[in-house]
Amino acid sequence: MSRISPEDAYLIFDKWREERSALQLVMKRPPGLRAVNSAFITSVLPHSSQVLISALVDAEYLSVAVNLKGAEYEYEDAGAVPPEFGGGNWVCFLAANFPNGNRYVFGEKAAERET
């Protein structure tokens, strides 16, 4: 993954919000992994270092504030899929790395192709 500025990261978050891109979020926080298989960005708040997402939890979408204060960002296109995302078709990935070792990786899912 390549390092990018917080400003560029928030531009990507805002693009995802505008396009209502289907995302998957994997959070590495001790003691393990937490994954949200379906999420959308509903609001981007760079001045407070947050993005608001709508996340599918137990068959319903819940609003969740994701605090990104202190994060450093990395970006990768779909050429190198992080192992925690397994198979599937992806557009790109944006990782937020925190000083305490936590890492949140957002993956943009590729649109389903019609046959």
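- Under the 4.5 Å side-chain heavy-atom criterion for grouping Ile, Leu, Val, Met, Phe, Trp and Tyr, Val51 is not connected to Phe40 through any hydrophobic cluster.
- The structure places CG of Asp14 at 10.0 Å from CD of Glu19, a figure rounded to the nearest 0.5 Å.
- Ile12 and Phe98 fall within a single hydrophobic cluster, where Ile, Leu, Val, Met, Phe, Trp and Tyr are joined by side-chain heavy atoms under 4.5 Å apart, directly or via other members.
- One hydrophobic cluster, built from ILVMFWY side chains closer than 4.5 Å, holds both Val66 and Tyr75.
- The side-chain hydrogen bond (donor to acceptor under 3.5 Å, both in side chains) with Tyr104 is formed by just one residue from the set Arg29, Lys28, Arg34; it is Arg29.
- With values rounded to the nearest 0.5 angstrom, Leu23 atom CG is found 8.0 Å from Ile53 atom CD1.
- To the nearest 0.5 Å, the span separating CG on Leu68 from OH on Tyr73 amounts to 4.0 Å.
- Put simply, OG on Ser48 and NZ on Lys69 are 9.5 Å apart, with the number rounded to the nearest 0.5 Å.
- Distance check, rounded to the nearest 0.5 Å: CD of Glu76 to CH2 of Trp90 gives 14.0 Å.
- Taking the side chain as every heavy atom from C-beta outward, Val64 and Val57 never approach each other to under 4.5 Å.
- Looking at Leu11 and Glu7, their side chains never come closer than 4.5 Å, going by heavy atoms from C-beta outward.
- The hydrophobic cluster containing Met1 does not contain Tyr10, counting ILVMFWY residues as joined when their side-chain heavy atoms lie under 4.5 angstrom apart, directly or transitively.
- To the nearest 0.5 Å, the span separating CZ on Phe13 from CD on Glu18 amounts to 14.5 Å.
- The side-chain heavy atoms of Trp16 and Leu94, taken from C-beta on, include a pair separated by under 4.5 Å.
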**Report entry** Residue pair Phe85, Val105: steps toward the side chain to side chain contact (heavy atoms under 4.5 Å, CB included) verdict
**Finding:** CA-CA 9 Å; Phe85 284 84; Val105 183; 3.4 Å; yes
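- The shortest heavy-atom contact between Gly107 and Phe93 is CA-CD2, 3.6 Å.
- Scanning all heavy atoms of the two residues, the minimum distance from Leu56 to Ala59 falls at CD1-C, 3.7 Å.
- Between Ser43 and Leu45, the closest heavy-atom pair is OG-CD2, 3.7 Å.
- Here the closest non-hydrogen pair linking Asn102 and Asn100 is N-OD1, 3.0 Å.
- Side-chain contact between Glu74 and Arg103 is present, with heavy atoms from C-beta onward closer than 4.5 Å.
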